[in-house]
Protein chains: 2
Amino acid sequence: MASSIIATNSSANACTHGFIKASCSDCNLKGLCLPIALDIGDIERVDKIIQRSRPLQSGDHLYRTGDPFRSIYAVRSGSIKTYLVDENGIEQVTGFFLPGEVLGFDGVANHKHACNVVALETSSVCEIPFEKLEELSLQIHTLQHHMFQLMGQQIESDHQMMLTLSKKNAEGRIATLLLSLSKRYARRNLSPNAMRLPMSRMDMGNFLGLTIETVSRTLSRLHKEDVISVDGREIVLKNHERLDELCHLLQ
Amino acid sequence: MASSIIATNSSANACTHGFIKASCSDCNLKGLCLPIALDIGDIERVDKIIQRSRPLQSGDHLYRTGDPFRSIYAVRSGSIKTYLVDENGIEQVTGFFLPGEVLGFDGVANHKHACNVVALETSSVCEIPFEKLEELSLQIHTLQHHMFQLMGQQIESDHQMMLTLSKKNAEGRIATLLLSLSKRYARRNLSPNAMRLPMSRMDMGNFLGLTIETVSRTLSRLHKEDVISVDGREIVLKNHERLDELCHLLQ
DNA sequence: ATGTTGACTTGATTTACAGCAAAAAGGCGC
DNA sequence: GCGCCTTTTTGCTGTAAATCAAGTCAACAT
């Protein structure tokens, strides 16, 4: 959904003192998240403000609606779901975030977070205190520009999602999500065809505005038609062109 | 949908030389768009980079998908629609922008605009060259913060829209739009109850993921139930609580 | 006044997906 | 292995909104 700002090596491990040894400069995700033009010195300045805490377990919340906004987060490993809960308890999954992607921009506007964020599996994140990031952005203009770009990307992808929810049928919505995940795997040099979905059918359906039954039926049909293969959360994309067609099919 | 950054008096007129006499400091919309904390001197620095051109006529495009990204725009008067067109010609209205609101953040990410922007009626905008705005934002930290806030607001409202499209029925979608417009009129000290819709049924339907027939039928039903009164584009909200209920009704 | 055009409304019918229910398949502790 | 619980799948039925098809209405030109 979004690309990332700053993230450290996904092979980073907790050390004996309970914090994480890692740095942006030797993180294999930095190409996804830091401005490419940033020089070594500036990377280190960014690196200094980043906090790396112990991993989240599946189901752990990173923050909740109403929490004071202090930081944005880059996903280092695992996967993360963001969701709104409105007054009457209606839930809406607003995004899935994979390693190298940045979340937390809800909250910038009102100094309070506007959604809930939960780990879908064991995941680790880099926490970037926003005030310090703003200070640095005043000094490093490529960093400021990059921040604008990240937020702009989020806006663009949200608009695409509005189109998906408003205009596509069930097959188109599923195909759109699968291709989005595929592209994001490819960016990390992982296979764009074989993947394990990080989210449940429930989460997929909620995100796409469909019931779990429709998600399940649609996946089954696509399997039967040999467009994909489905085995629980293991998915293989077998016919990208057909998926593309489904994405753009007029209703 | 968004609040604005910088906008000048809506009573501004074209002068004989073909440009517009106006300035941020005497604009009655500046409270909506400029950071409140900005001092007079800084307002003038912002004012200097703003370009005010002659008004757009209904149907005029401000920019189109693929155009090089140079500026963002604050609406000064009238109303503006943004919309995506995907590869197969599916259109999705992504937002309506009223005086005091800022648009154009699509385009930040890729230096190319990612949507189309068209005037729904005679409208005027303040054009703010983005590079210059970035430069100023490096110097005026409240301005940088404000830019982040504006983009954050856009993201939040887009997420709300995802919930609307994904979870609400036709009545809930219509009610949500009407209340949103009402709140935005109220911010400008206009009546929150009586309003003239700036957009056609077609645009409403496209934005909300409904056909024009459903929009029309739903408005008629709400009229019959005395929740609103409808006369073409003239709408009066007669029962805000009921509209609120409809917004949050689970399916 | 009269025809023309485009925007909107209303009615009848169809359909994609929701909702309900029950069975199948994992996952996990013991 | 075996029960327990959750997730997913599959079948059947109902419904909200789409689609198709006329109409109405207002603006505007002839």
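All heavy atoms count here, side chains included; hydrogens, waters and symmetry mates do not.
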Could you work out which one of [options] sits closest to the side chain of [X]?
X      : options                : result
B:S220 : C:dC8, C:dA18, C:dT9   : C:dT9
B:R201 : D:dC20, C:dA18, C:dC8  : C:dC8
A:R217 : D:dT8, C:dC17, C:dC20  : C:dC20
A:N169 : C:dG26, D:dT19, C:dC17 : C:dC17
A:V230 : D:dT9, C:dT9, C:dA18   : D:dT9
A:A170 : C:dC17, D:dC20, C:dT9  : C:dC17

Please determine whether any donor N or O and acceptor N or O are separated by less than 3.5 Å between the side chain of B:E213 and the base of C:dC8.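 Answer no: no donor N or O sits under 3.5 Å from an acceptor.
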Look at the side chain of A:E171 and the base of C:dC17, then say whether one donor and one acceptor between them are separated by less than 3.5 Å.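 Counting by modelled atom types and ignoring angles, no donor-acceptor contact under 3.5 Å is found here.
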[X] vs [N]: side-chain N/O to OP1/OP2 distance below 4.0 Å:
X      : N      : value
B:R173 : D:dA17 : no
A:T214 : C:dC17 : no
A:T211 : C:dA18 : yes

Other residues, nucleotides, ligands: >12 heavy atoms within 6.0 Å of A:M195 CE: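 Enclosed.
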Give the angle between the helix axes at the two ends of the helix from C:dA1-D:dT30 to C:dC30-D:dG1, taking five base pairs at each end and rounding to 10°.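 Axis angle across the helix from C:dA1-D:dT30 to C:dC30-D:dG1, nearest 10°: 40°.
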